[in-house]
Number of protein chains: 2
Amino acid sequence: MMESPQSAALSMEELHEAWPVLSVDERLEGFRLLPASVADDFFLALSAREQAELILHLQPAERRTWVRLLPPDDLADLVQAVEPEQAESILSQLDDASRREVNVLLAYAEDDAGGLMNPRFARVRPDMSIDEAISYLRKQARERVETVYYAYVLDAEQHLLGVLSLRQLFQTASDKRVADVMQRDVITVSEDTDQEAVSRLFTEHGFMALPVLDVQQRMKGIVTVDDIVDVVQEEATEDIQKAGGMEALEAPYFETGFFGMLKKRIGWLLVLFLGQMLTATAMSSFEDEIATAVVLSLFVPLIISSGGNSGSQASTLIIRSLALGEMRLRDWWRVARRELLSGLVLGVVLGVVGLARILIWNSISGVYGEHALVLGITVALSVLGVVTFGTLAGSMLPLVLRKFGFDPASASAPFVATLVDVSGVLIYFTVASLLLRGTLL
Amino acid sequence: MMESPQSAALSMEELHEAWPVLSVDERLEGFRLLPASVADDFFLALSAREQAELILHLQPAERRTWVRLLPPDDLADLVQAVEPEQAESILSQLDDASRREVNVLLAYAEDDAGGLMNPRFARVRPDMSIDEAISYLRKQARERVETVYYAYVLDAEQHLLGVLSLRQLFQTASDKRVADVMQRDVITVSEDTDQEAVSRLFTEHGFMALPVLDVQQRMKGIVTVDDIVDVVQEEATEDIQKAGGMEALEAPYFETGFFGMLKKRIGWLLVLFLGQMLTATAMSSFEDEIATAVVLSLFVPLIISSGGNSGSQASTLIIRSLALGEMRLRDWWRVARRELLSGLVLGVVLGVVGLARILIWNSISGVYGEHALVLGITVALSVLGVVTFGTLAGSMLPLVLRKFGFDPASASAPFVATLVDVSGVLIYFTVASLLLRGTLL
């Protein structure tokens with residue numbers, strides 16, 4: 001903030017700071033206290049949900065002003081955030097041309113390039129001089145174009161011939177022609193490109209905007225990097241929530257209803273609970289061993305959770321690498337080799353620690369008696385087996401899911417842990433049966 | 001791609017596609033095959049690491065061209081990606097002014113606004129007319145300014161008076177003065193603002209660029225939204241890797257050395273392993289109960305993992321909400337109430353399923369005999385207790401960590417699961433001792 005706000009007026013930052021805890025009426029009041037010079041920016045920066053809330057509480061006359069301020073892509077988001085009958089009333093505030101634009105955008109899936117794009121972009125013709133192009137852009141900016149960072153060079157059929165950044169326009173001598181200086185090799189996306197693929201192009205190339213073409217290769221709009229920041233944030237949130245073993249929420253924590261939230265959580269918990277019941281079944285086939293050597297049961301949680309933890313690490317690593325495009329399916333063999341080796345090393349370290357702990361504890365308390373060493377070796381070998389298996393299984397599961405068309409992010413930490421737990425029980429008691437026969441068993 | 005590439009030339013997309021699997025020599029060869037018109041863009045889109053690799057393998061004469069193409073902020077990143085003596089040789093290719101700019105940037109921490117900013121921005125004076133401002137911007141674009149989306153209005157001491165977007169410049173009549181139309185209420189960051197806070201400002205306000213001021217309120221540079229996309233992606237990756245129970249990697253999976261990777265993973269695995277040993281200690285105090293009723297041990301993994309899973313969900317939700325700024329520390333009481341209630345409902349559902357499973361299984365196999373009902377009730381009540389405790393503990397742990405200045409993301413799924421496992425053992429055997437005395441025990 002560079003100037004202290006006038007006595008009566010509220011600064012944008014102050015209102016922004018207080019916003020989350022204000023009621024609708026307080027928000028409305030605060031919004032009206034903003035200086036006119038910043039109210040536009042404040043309004044444009046709100047989420048579609050918040051814009052809708054404000055607009056629906058404004059007087060019809062005020063409402064029109066704010067609705068008309070929004071570019072078509074933001075209007076489409078806003079219309080999707082309200083009830084159908086309210087959407088009608090918002091669309092009715094627009095002039096015919098804008099309403100048509102919004103309706104076209106509403107036909108796209110929200111997660112596609114078409115759903116992200118703004119149909120208003122700066123265009124120039126190839127035979128214009130640089131000076132003519134700049135004047136023409138000034139005219140477009142006055143009329144309705146939101147983003148003027150690139151000027152797109154189109155022919156009469158709206159085919160994209162090339163692009164000029166504003167910087168290039170500004171750098172070039174006034175009398176050169178657009179066609180002589182434009183860049184012809186343009187990266188584009190189609191209307192139905194998924195938003196995750198679009199955002200990957202942005203992060204890989206550092207673009208400010210990307211043109212969207214239809215199947216006839218005609219230019220329909222642009223996706224701008226400021227919308228991509230939100231997409232990246234959204235996709236990361238979805239992946240993180242899935243990694244925590246739940247379905248992704250559609251709204252922030254406090255804006256998700258209590259029962260809506262439960263619905264997102266109970267599904268996976270039930271699946272995991274039913275899966276985890278297999279550990280009871282697996283253990284019940286070793287009931288005689290446990291009855292003979294109760295001490296074996298004490299290490300069950302330790303051993304199976306080492307497998308779960310190492311598996312969670314591995315699956316998390318692979319899921320994120322896949323999401324960032326650092327890794328492809330065909331890399332599976334490199335991953336498998338590497339994770340197998342990692343699992344072995346990690347398993348040896350943890351196994352040795354486990355053995356040491358049992359021996360040290362026994363020399364202090366004598367709790368495991370004369371069989372401490374063989375018990376320790378059983379635990380150590382089981383940990384080695386479980387960690388190796390967990391690491392390998394955790395790293396391969398996301399790749400297998402992707403291979404069969406599922407979302408790799410479903411291989412959440414709890415899911416991998418549950419899978420590995422059952423195998424952990426089997427590995428542990430098998431090792432114990434082999435090593436302890438004649439001593440503890 | 002709009003034009004098919006010439007026979008000899010390679011298209012940018014083709015090279016980009018093949019890039020990850022090419023050797024250094026192949027990369028160099030491919031890069032030289034690119035048409036001159038797109039080689040610049042291709043080079044600028046590479047990561048600092050990849051740019052460094054190419055540059056260090058080029059002839060000294062070529063090297064200078066590419067080094068000088070990079071803006072100061074990208075140069076600073078590149079210098080940080082190479083060995084110190086190579087950094088020297090790269091810096092020596094620059095003219096004095098640019099070298100000074102890069103050295104100033106290198107003094108900032110990588111994660112601060114200062115480390116992200118570009119010191120070359122478009123500036124105008126308040127008393128210029130709009131037409132003068134546009135001509136002046138054209139001159140700056142020709143010389144060295146990379147980003148011309150906003151023009152910053154500075155006084156003689158470099159204090160920021162206001163800002164004009166290019167769109168505003170283009171929209172305004174030529175004879176108005178800059179001071180009359182500029183926006184005065186500008187949101188700024190300081191040089192040492194953390195990059196996570198900077199990226200939050202971008203996502204909340206949808207800016208294309210933010211000005212960076214020093215302590216004397218003089219403008220030092222701008223942070224642009226295209227760099228923020230990378231920051232958001234990076235921060236999400238760190239949070240996801242921490243959520244998986246490991247330290248965040250600094251490079252992509254395949255670019256991280258085998259032992260470097262192990263170091264990031266073994267630390268948490270050891271902590272969790274040592275923590276998990278407490279379950280063995282906790283269970284050993286119930287050894288008599290287990291010896292009397294071996295069947296009790298079968299349900300240990302099921303019960304403790306329900307707590308771990310529900311705790312992982314809760315901690316993941318809260319960590320992400322905190323990272324996105326949807327929730328603050330002072331909301332802890334609302335969170336606690338809500339999660340306690342969620343835990344109870346989730347616990348009841350899982351408990352009932354557990355009870356049903358034991359009764360149904362018993363009616364089929366008779367494996368639990370006459371005590372099936374009381375055993376089922378014990379399991380159900382334990383699940384209720386463990387899930388409620390796990391949900392509450394999982395949701396509060398990230399808030400407690402933040403409160404004491406730690407990173408909430410450390411409350412990873414495996415960490416929460418381990419914490420809850422120990423309490424799960426205690427809850428289960430306590431419930432069992434109370435309910436089964438006189439029947440199974």
Side-chain angles (χ1 to χ4, degrees), chain A residues 2-3 38 45 138 141-142 148-149 166-167 170-171 184-186 202-203 205-206 225-226 228-229 232-233 236-237 240 243-246 252-253 262 265 269 272-273 276-277 279-280 283-284 287 290-291 294 297-299 301-302 305-306 309 312-313 316 320-321 326-327 345 350 413-414 421, chain B residues 2-3 38 45 138 141-142 148-149 160 166-167 170-171 184-186 202-203 205-206 225-226 228-229 232-233 236-237 240 243-246 252-253 262 265 269 272-273 276-277 279-280 283-284 287 290-291 294 297-299 301-302 305-306 309 312-313 316 320-321 326-327 350 413-414 421:
Chain A
M2 293 166 320
E3 296 205 341
V38 299
R138 284 182 77 163
R142 266 196 300 281
V148 284
Y149 314 115
L166 259 186
R167 192 184 167 215
F170 275 9
Q171 277 180 335
R184 289 163 191 277
D185 189 6
V186 186
F202 272 93
T203 52
H205 294 277
V225 66
D226 51 318
I228 292 301
V229 175
V232 167
Q233 200 69 281
T237 301
I240 288 175
M246 58 180 296
Y253 181 86
L262 283 183
R265 291 162 77 162
L269 281 185
L272 298 172
F273 191 76
Q276 195 63 248
M277 281 176 175
T279 55
M283 277 181 75
S284 68
E287 231 177 314
I290 298 173
V294 170
S297 71
L298 306 187
F299 297 101
L302 175 66
S305 74
S306 341
N309 292 340
S312 304
Q313 280 192 345
T316 304
R320 189 62 184 160
S321 287
E326 295 168 3
M327 185 184 285
V345 177
L350 295 184
D421 280 358
Chain B
M2 291 164 321
E3 297 204 340
V38 299
R138 286 182 77 165
R142 266 196 301 281
V148 286
Y149 315 116
L160 180 60
L166 260 186
R167 189 180 171 218
F170 275 10
Q171 276 182 336
R184 290 163 190 278
D185 188 6
V186 186
F202 272 91
T203 51
H205 294 278
V225 67
D226 50 321
I228 292 302
V229 175
V232 166
Q233 200 69 280
T237 301
I240 288 175
M246 59 179 298
Y253 180 85
L262 283 183
R265 290 162 78 163
L269 281 186
L272 298 173
F273 192 75
Q276 195 64 248
M277 282 177 176
T279 55
M283 277 181 74
S284 68
E287 234 178 308
I290 299 173
V294 170
S297 72
L298 307 186
F299 297 102
L302 176 65
S305 73
S306 344
N309 292 340
S312 303
Q313 281 192 344
T316 304
R320 190 62 185 160
S321 288
E326 294 168 5
M327 185 184 287
L350 295 184
D421 280 358

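A quick note: this is a predicted structure, and the numbers were derived from the prediction, not measured. Note on naming: letters A, B, ... go to the chains in the order of the sequence lines (proteins, then strands), and numbering restarts at 1 for each one.
In this model, no donor atom of one side chain and acceptor atom of the other lie less than 3.5 Å apart for A:Thr203 and B:Gln233.
Here CG of B:Leu166 is found 10.5 Å from CZ of A:Arg138. Values are rounded to the nearest 0.5 Å. Atom CG of residue A:Asn309 and atom CE of residue B:Met246 lie 13.0 Å apart, to the nearest 0.5 angstrom.
For A:Arg320, the part lying under 4.5 angstrom from a heavy atom of chain B is the side chain only. B:Ser284 touches chain A through backbone and side chain together, each having a heavy atom under 4.5 Å away. If you measure heavy-atom distances from A:Phe202 to chain B, you find no contacts under 4.5 Å at all. Contacts between A:Ala413 and chain B at a heavy-atom distance below 4.5 Å involve the side chain alone, from C-beta outward.
Contact between B:Phe273 and A:Leu302 at its shortest, heavy atoms only, is O-CD1, 3.5 Å.
Across B:Ser297, B:Ala280, B:Ala236, B:Pro301, the residue that shares the most heavy-atom pairs under 4.5 angstrom with chain A is B:Pro301. For the set B:Thr316, B:Leu272, B:Leu269, the count of heavy-atom pairs under 4.5 angstrom toward chain A peaks at B:Leu269. Looking only at heavy-atom pairs under 4.5 Å with chain B, the residue among A:Thr279, A:Ile240, A:Val225, A:Val229 that has the most is A:Ile240. Contacts with chain B were tallied for A:Leu262, A:Thr237, A:Asp421; A:Thr237 has the most, counting heavy-atom pairs under 4.5 Å. In terms of heavy-atom pairs under 4.5 Å with chain A, the best-connected choice from B:Glu287, B:Met327, B:Met277 is B:Met277.
Put simply, the side chain of A:Gln313 never gets that close to the backbone of B:Gly244: no donor and acceptor are under 3.5 Å apart.
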